[in-house]
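Worksheet: the structure to be examined is printed underneath.
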Amino acid sequence: MRMDKSFIPTLKETPTEAVITSHILMLRGALVRMLSAGIYSYLPLGYKSLRKVSEIVREEMNAIGGQECHLPALNPKEIWEETGRVEAFGDTMFHVTNRDYVLAPTHEEIIAFHAKGTIKSYKDLPQIWYHIQTKFRNEARPRSGVIRGRQFLMKDSYTLDTTFEELDKSYALHDKAYRKIFDRCGLKYFIVGASSGAMGGSKSEEFMVKSDAGEDTVAYCEKCGYAANSEVATSVVDGAPRHDNSEEIKEIHTPNVHSIDELCAFLKINETQCAKSRIYMHDNAPVLVLMLGNDEVNETKLTSVLGGNVRPCHPEELKEISGADAGSIGPVGFKHKIIADNRLKDANNLFSGANKNDYHIGGIDLNRDVANLEYYDLRTSETGEKCVRCGSPIEVFKAIELGHIFKLGTKYSDALGVVYQDENGQEHPVVMGSYGIGCDRVLACYIEQNNDEKGIIWNKTLAPFEIHLIALNMRKETVVNLAEKIYDEYTKEGFDILYDDRPDAQAGFKFNDADLLGMPVQVIVGEKNAKEGKVEVKIRRTGDRFVVPVEELKSKLKEILM
RNA sequence: CGGGGCGUAGCGUAGCCCGGUUAUCGCGCCUGCUUUGGGAGCAGGAGGUCGCAGGUUCAACUCCUGCCGCCCCGACCA
């Protein structure tokens, strides 16, 4: 592709709306342009890379027996109502206003719809169906460029199986395919156990990339590879000690003491002697959650322990329920359900709120003073705590979710009546799995991980072009002749070349654009070298540069691009 | 949806608090000449509903009200 008169509007300056590296470089490097919040146009270079991502995904999906389809993004609302997901998605789903259609945020329903008419017998199974389609989600707050958009490109595949054992196999195939896909893309990623959330189903794992721009928090053990979304991550931490003698309960006047830290400072005690109280509303009934010290309640864990709907109580509800405001609430005398985190198991001589403003209670023995107390893992793990598997310190950090694989089970086949007949003519619901990869995110994450102060550093796999050919001075006949010759000949031979043939751009301008765009190899045609029948080759990633005679260029390029 | 910030030429911006000349500067763009191995120089030039709509005023980029858009933090999120 010739650069002169092509749609590659690189930017010298950083647009104000971009703050994370990949977003900045995707804008500056002319890969994308924003149309509206969370809605991006891919320009020629960006689209070329996006298609390379899709192609890798396609090859690996086909390799495990996936069959590519193309399902509509416009869906009848009715089918989404049958599974209850119009309500489940709520405002996140786009609705068409002049007809009863929705824009599909994912495609479980549509797959189930087609499976229903097609899958009749156990002989029809298993199946892997996938497509690469634009998805629509009305994100309240799009951010980080293409990483969280209202419209994005996703590969989603769905497996149909007879049994959960068979589903395990389909799931394992996807796990394998996903590793290959991300490996081929050159991403550093890891896999975490995750909560299934609104998708339903039993097991799910996420493919994550570490990044400050991420929206998920994960716990990771470098030593043994344990990794989990912080929604479900556990770690080993010491519990509160149980002392030989339980002290008597005593009420203490604690004016203006609201937080655990203030309480510790006021009473000159340690955090591990305090029980923090949080009140949640669980299906319209209050529940007091007791945590040790400053431990944070993990609401995902709490929800899975309690089931149903759980939300924190509003400040005005607290006084009515407990008799005190936040900061003075405690388990002793609390009249509703109480549960506690495992760290508090059998603890005594604790301090906690007195359910009376400005008062705390000391000498609490949970075994003696709180009836029917149940203990669960309710806390959020933190950096430095010990790995549940190997005991090494874990690290907790932000990450971007690139892919997610789910064992769905029969949720959708039950709702939409997708059944098959077994050998005995008995009907059973088809067992489903669902697997997604955010193609835009693959691109953005790659750039997050592969850049320097000059710009993007592509590897051959995802680069829009393999070679960036730079003719330094288009007014010198020797330069033009050589560059044109290389461009024509090598393009015919299958090299994918971006040719900077802009007539007026200065050398420095071209060099900087080339570094910004980041093709793996730059071939530089300058006057001095050209006269001697030589060109310069620069490797973008390492910055290495060397001069080669034109006769040797081809073999050299083949060697580099192998 | 809550909190904060911003909206002036294709991009980045000054001016606004304290209303009053022809709305500032840099990049980019056009013309000419020079230059051509790390974002060139000189000269000339084009380009603006100052986000939109009301209001106050003799007078609004500037003050007031409403709306829209964008960014950041949070809530939410498959």
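Since the model is a prediction, treat every value here as computed from it, not as a measurement. We name chains A, B, ... by the order of the sequence lines, and we start the count at 1 in each one.
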Would you mind classifying the nucleic acid contact of K454(A) as base, sugar-phosphate or nothing, using non-hydrogen atoms under 4.0 angstrom?
base
Check whether any side-chain N or O of R141(A) sits under 4.0 Å from OP1 or OP2 of C70(B), and answer yes or no.
no
Rounding to an integer number of angstrom, what distance separates U65(B) and C6(B) when you compare their P atoms?
15 Å
Answer yes if the ring centres of H174(A) and F406(A) are under 6.0 angstrom apart, and no otherwise.
no
If you take the centroid of each ring, where Trp contributes its six-membered ring, are W458(A) and F465(A) closer together than 6.0 Å?
no
C1' spacing across the pair G39(B) / G28(B), given as an integer number of angstrom:
12 Å
Is the base of G37(B) touched by the side chain of N473(A) through a donor-acceptor pair closer than 3.5 angstrom?
no
Mutual orientation of the aromatic rings belonging to Y42(A) and Y47(A) [parallel < 30°, tilted 30-60°, perpendicular > 60°]
tilted
Roughly how far apart, to the nearest Å, are G69(B) and G51(B) at atom C1'?
7 Å
With a 4.0 Å cut-off on heavy atoms, is A140(A) in touch with a base, just the backbone sugar-phosphate, or nothing at all?
base
Whole-angstrom distance between U31(B) and C50(B), as gauged at atom P
29 Å
Ignoring backbone atoms, test whether T92(A) places a side-chain nitrogen or oxygen under 4.0 Å from the OP1 or OP2 oxygen of C76(B).
no
Please work out whether the ring planes of Y158(A) and H131(A) are parallel, tilted or perpendicular, with thresholds of 30° and 60°.
tilted
Between G2(B) and G66(B), how far is it from one P atom to the other, in whole Å?
14 Å
Using the P atom in both, what is the distance from G4(B) to G44(B), to the nearest Å?
49 Å
State whether T16(A) places a side-chain N or O below 4.0 Å from either non-bridging phosphate oxygen (OP1 or OP2) of C11(B).
no
Kindly check if the number of other-residue, nucleotide or ligand heavy atoms within 6.0 Å of CD (E78(A)) is above 12?
no
CD of E17(A) versus C1' of G5(B): gap in Å, rounded?
15 Å
To the nearest angstrom, the CD1-C1' distance between I8(A) and G39(B) comes to 17 Å
Among H404(A), K155(A), E60(A), whose side-chain hydrogen bond (donor to acceptor under 3.5 Å, both in side chains) with Y178(A) holds?
K155(A)
So how far is it from N138(A) CG to R150(A) CZ, rounded to the nearest 0.5 Å?
5.5 Å
Is it true that R541(A) and D452(A) have a side-chain N and a carboxylate O under 4.0 angstrom from each other?
no
Of the candidates C72(B), G39(B), G37(B), the side chain of V19(A) sits closest to C72(B)
Assign P9(A) to base, sugar-phosphate, or nothing according to its heavy-atom contacts below 4.0 angstrom with the strands shown.
nothing
Let me know the distance between CZ of R143(A) and P of C1(B), rounded to the nearest Å.
15 Å
If you look at every strand shown and take non-hydrogen atoms under 4.0 Å, does R28(A) touch a base, only sugar-phosphate, or nothing?
base
Atom CG of D91(A) and atom C1' of C1(B) are separated, to the nearest Å, by 9 Å
Base-pair string, RNA chain B, Watson-Crick plus G-U, cut-off 3.5 Å on both distances, | for inter-strand, is (((((((..(((.......[....))).((((((.....)))))).....(((((..]....))))))))))))....
In this structure, how many angstroms lie between the C1' atom of U35(B) and the CG atom of L472(A), rounded?
14 Å
Calculate the interatomic distance between D500(A) atom CG and G39(B) atom P; express it in whole Å.
15 Å
Between F509(A) and G39(B), do the rings stack, that is, sit under 5.5 Å apart with planes less than 30° off each other?
no
Ring centre gap for F190(A) and Y220(A) strictly below 6.0 Å:
yes
F511(A) CZ to G37(B) P, in whole Å, measures 8 Å
Want to settle it: does R475(A) or A18(A) sit nearer the 5' end of RNA chain B, counting the closest nucleotide to each?
R475(A)
Expressed as a whole number of Å, how far does the P atom of C52(B) sit from that of C68(B)?
15 Å
Would you mind classifying the nucleic acid contact of D504(A) as base, sugar-phosphate or nothing, using non-hydrogen atoms under 4.0 angstrom?
nothing
Pair of N/O donor and acceptor under 3.5 Å linking G38(B) base with Q506(A) side chain
no
Base, sugar-phosphate or nothing for E139(A)? Non-hydrogen atoms, less than 4.0 Å.
nothing
Using a 4.0 Å heavy-atom cut-off, does D515(A) contact any base of the nucleic acid, only the sugar-phosphate backbone, or nothing at all?
base
Rounded to whole Å, how long is the line connecting atom CD1 of I524(A) with atom C1' of U36(B)?
15 Å
Of C71(B), G26(B), G38(B), the nucleotide closest to the side chain of N512(A) is G38(B)
Check for a donor-acceptor pair, side chain of S230(A) on one end and backbone N or O of T217(A) on the other, with a separation under 3.5 Å.
yes
Both T14(A) and E215(A) contact RNA chain B. Which one's nearest nucleotide lies toward the 5' end?
T14(A)
